[in-house]
*Asks:* 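The following block contains the structure, expressed as structure tokens.
Heavy atoms only: backbone and side chains are in, while hydrogens, waters and symmetry mates are out. Quick caveat: nothing in here was measured; it's all calculated off a predicted structure.
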Amino acid sequence: MEQLSLFIVVLLALIIPIFMARFKVNNVPTAVAEIIVGIIMGSSGFNLISTTHDLTFLSNLGVILLMFLSGMEIDFELLSRKNNPKGKSHAGKMVDPLKTAGIAFFSVAVSAIVLAFILKWIGLFSEVMLASIIFMTVALGVVIATLKEKEILSRPIGQTILLTAVMGEVIPLLLLTIYASVHGGNAGQLWLIILLFVAAIILLHRFKQPYLWFVKVTKSTTQLDIRLAFFLIFALVTVAERVGAENILGAFLAGMVMKLLEPSESTKDKLTSIGYGFFIPIFFIMTGVKLNLKSLFTNPDALMLLPILILFLFLAKAPVVAVFMRKFDKRNAFAGGFLTATTITIVLPTLQVAQKLHAITSTQSDAFILAAVVVCIVSPIVFNSSFKLSPEDRIKQRVVIMGANTLTVPVAHDLHDNWYSVAMFTDDKEKYNTYKSRAENLTLIQDLDQKTLEKVGAFDGDIFVAANHSDEVNLKLAKLAKASQIPKRIIVRLRQPDAKTVEELIQDNIEIFNFINIRSALMRALIESPAVYQIITDTKNILYSATVHNPRYIGKELKDLDFIDSITVSRIRRNGQWLSPHGSTVIEKGDEIIYSGQFNSVDRVRRLLTRK
């Protein structure tokens with residue numbers, strides 16, 4: 001019977017995603033579907049699967065890998081000001097994703113505590129801290145998958161939802177560790193948890209350089225990157241258990257360490273394949289198998305608890321909607337708030353810990369799990385049906401142009417509004433009056449000093465262009481933008497640059513636009529290669545570049561791209577080197593592809609290649 005149960009679970013892990021793909025069940029997360037099938041096949045249904053030693057071991061390993069991969073989902077770049085630029089909302093308001101997410105999660109935490117006390121007051125559940133932790137959790141994996149599907153992960157609203165979800169996974173996990181230590185009688189040893197973080201820092205420091213060497217020498221028969229990942233997992237899980245922390249916190253920290261080691265896409269894919277391909281589905285299916293709905297529905301108290309828990313899980317995230325509505329479109333704010341209500345990934349380990357501590361009965365645990373399953377079904381459906389991409393959500397990069405003149409205004413008009421959001425600033429009142437009717441986003445400012453520029457948000461963009469008529473002013477603006485550490489690219493227009501200035505700008509990674517050089521290059525192209533000149537100046541067939549981020553195309557040969565017949569690939573830039581493309585050239589992540597084609601085609605191709 002034990003071997004048969006294992007076989008059925010593995011078979012279900014294979015069949016469930018196939019069934020969902022065949023019948024296009026897209027709105028329900030796979031994890032939720034696996035729990036539901038587990039309920040049907042377990043003690044609450046046909047009772048075809050029993051809890052065995054092997055399945056328990058694989059399930060425990062599954063939850064550890066789930067937490068490890070959740071730790072790897074943390075995008076640390078979003079937490080820095082440089083890589084977390086503000087964006088504009090539908091109403092033109094500036095949005096700081098980190099600040100907005102922080103306010104949203106703080107309001108969730110307050111709401112969760114209030115609801116936990118209400119639950120205790122009405123006599124349905126007495127563990128206030130445990131209920132608070134569960135109410136404030138967010139399923140990061142479900143949120144990321146949903147945002148990727150909508151292609152808004154890198155947009156202001158997508159980043160805000162993502163950062164809210166990150167806080168909703170990290171902070172409850174830390175609180176769970178504190179709760180377990182206090183409830184387990186180890187409050188005096190709580191300070192030892194610091195040793196767990198020290199161990200994580202030591203491992204990160206120790207393997208930062210060796211990991212680069214591992215990547216070079218690894219073979220298909222050694223897979224050193226995967227061996228290192230599992231070493232990190234078991235090292236930090238062991239330390240966690242020794243200092244009295246929960247093993248899931250150790251696994252989560254291991255994932256964060258692995259993320260900071262900057263693993264390649266192939267390493268991430270292999271780890272994801274191991275986790276979600278085998279161990280994690282077993283954990284979710286066995287969670288459903290262990291649910292005893294018969295006892296739940298025959299227990300009046302538990303039966304009364306279920307609908308209240310479902311309601312409270314939604315109410316706990318209601319403040320997110322209120323916070324988001326101040327910055328984003330009301331419809332999308334409502335959808336984003338509903339998405340943050342998903343709570344399955346952290347809830348399950350939390351309930352496991354609570355049961356080990358005897359802080360919750362099995363029936364109460366079943367009620368919490370079933371409530372989380374219901375919420376996880378409803379939330380993505382509401383999000384997908386409610387969220388609509390606004391023009392601001394589709395914008396890929398924000399461009400700030402300093403200076404209004406005969407060069408910059410036409411450029412601002414010609415930049416594709418599906419790819420760029422352009423803001424223009426000038427301190428010249430005469431030029432402002434001349435161009436304000438032609439430049440929609442032109443703003444008059446008093447001074448070009450750092451305080452004024454920061455106040456108007458001149459540095460809050462991806463690309464900063466200093467294009468006044470004065471070289472001195474443009475150099476000053478470029479240096480101020482560089483000092484802010486926000487724009488990813490800085491372009492400075494210089495009429496007569498000297499060699500020393502050019503060298504300094506190159507060292508600072510500031511790009512130079514020189515009209516004389518451009519004119520000379522175009523004239524030379526017209527004389528030597530008329531076809532090249534025609535491509536550059538043609539308004540129908542456009543020459544563009546796109547940096548590859550979409551995993552769908554990474555590792556494929558050029559000839560196998562499904563859109564290759566609609567474009568002509570001219571060059572590929574990889575790690576600062578130019579490659580001559582061939583049909584057999586394999587695309588790698590970060591490749592910058594230079595190509596031409598009809599405008600509609602290049603627009604679609606760029607959207608596909610840059611999708612994250």
*Asks:* May I have the step-by-step check of side chain to side chain contact (heavy atoms under 4.5 Å, CB included) for Q485 and F459, ending in yes or no?
*Replies:* CA-CA 9 Å; Q485 298 186 330; F459 301 134; over 6 Å; no

*Asks:* Just by modelled atom types, is the L173 backbone N or O under 3.5 Å from a matching donor or acceptor in the T177 side chain?
*Replies:* yes

*Asks:* Give a yes-or-no answer on whether the side chains of S5 and S50 include a donor-acceptor pair shorter than 3.5 Å.
*Replies:*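 Looking only at side-chain atoms, S50 and S5 do form a donor-acceptor pair, the distance falling under 3.5 Å.
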
*Asks:* Between F334 and F387, is the ring centroid distance below 6.0 Å?
*Replies:* no

*Asks:* Is it the case that the side chain of N332 and the backbone of K388 share a donor-acceptor pair, with hydrogens and angles ignored and the cut-off at 3.5 Å?
*Replies:* yes

*Asks:* Which pair of non-hydrogen atoms, one from R398 and one from A423, has the smallest distance, and what is that distance?
*Replies:* NH2-CB, 3.6 Å

*Asks:* Would you name the heavy atoms of P97 and Q159 that are closest together and state the gap between them?
*Replies:* CG-OE1, 3.5 Å

*Asks:* Sequence neighbours left out, what passes side chain to side chain contact (heavy atoms under 4.5 Å, CB included) with K268? Give chain and number order.
*Replies:*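 For K268 the side chain to side chain contact (heavy atoms under 4.5 Å, CB included) partners, ignoring immediate neighbours, are M72, K259, P263, E265.
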
*Asks:* OG1/T56 to CD1/I282 distance, rounded to the nearest 0.5 angstrom?
*Replies:* 11.0 Å

*Asks:* Which value, rounded to the nearest 0.5 Å, describes the distance between I233 atom CD1 and L65 atom CG?
*Replies:*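 CG of L65 is found 5.0 Å from CD1 of I233.
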
*Asks:* Would you check if the side chain of D366 reaches a backbone N or O of L296 as a donor-acceptor pair within less than 3.5 Å?
*Replies:* no

*Asks:* Using the ring of each side chain (for Trp, its six-membered ring), is F368 parallel, tilted or perpendicular to F135, with breaks at 30° and 60°?
*Replies:* tilted

*Asks:* Kindly compute the distance separating CD1 (I36) from CD1 (I16), expressed to the nearest 0.5 Å.
*Replies:* 9.5 Å

*Asks:* Where do L313 and A341 come nearest, in terms of heavy atoms and distance?
*Replies:*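 Shortest heavy-atom separation between L313 and A341 comes out as O-CB, 4.2 Å.
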
*Asks:* Side chain of K317, backbone of G337: donor and acceptor closer than 3.5 Å?
*Replies:* no

*Asks:* For M286, does its backbone N or O pair with a side-chain atom of S59 as donor and acceptor, under 3.5 Å?
*Replies:*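 Side chain of S59 to backbone of M286, a donor-acceptor pair under 3.5 Å: no, none is there.
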
*Asks:* Counting N and O atoms only, with roles assigned by atom type, does the side chain of T298 sit under 3.5 Å from a partner on the main chain of K294, one being a donor and the other an acceptor?
*Replies:* yes

*Asks:* So, taking the atom named CZ in F125 and the one named CD1 in I134, what distance separates them when rounded to the nearest 0.5 Å?
*Replies:*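 Answer rounded to 0.5 Å: 6.0 Å.
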
*Asks:* Please answer whether the main-chain N or O of V382 pairs with a side-chain N or O of S385 as donor and acceptor at a distance below 3.5 Å.
*Replies:* yes

*Asks:* With sequence neighbours excluded, what pairs up with K120 under the salt bridge (charged side-chain N to carboxylate O under 4.0 Å, His left out) test?
*Replies:*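 By the salt bridge (charged side-chain N to carboxylate O under 4.0 Å, His left out) rule, K120 matches no residue at all.
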
*Asks:* Tell me the closest heavy-atom pair linking E169 and V138, and the distance in Å.
*Replies:* OE1-O, 3.8 Å

*Asks:* So that I know where these two stand, are F283 and F279 an aromatic pair - ring centroids less than 6.0 Å apart?
*Replies:*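 For F283 and F279, the ring centres are not under 6.0 Å apart.
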
*Asks:* For I248 and P349, work out which heavy atoms get closest and say how close.
*Replies:* CD1-CB, 3.5 Å

*Asks:* Atom CD1 of I64 and atom CZ of F234: how far apart are they, to the nearest 0.5 Å?
*Replies:*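 Rounded to the nearest 0.5 Å, the CD1-CZ separation comes out at 6.0 Å.
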
*Asks:* Decide if the gap between the ring center of F314 and the ring center of F338 is smaller than 6.0 angstrom.
*Replies:*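 Yes, ring centres under 6.0 Å apart.
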
*Asks:* Donor-acceptor check, side chain of S386 to backbone of F383, threshold 3.5 angstrom: yes or no?
*Replies:* no

*Asks:* Can you tell me how far the CD atom of Q364 sits from the CD atom of E127, to the nearest 0.5 Å?
*Replies:* 9.0 Å

*Asks:* For S379 versus T342, what's the shortest heavy-atom pair and its separation?
*Replies:* CB-CG2, 3.5 Å

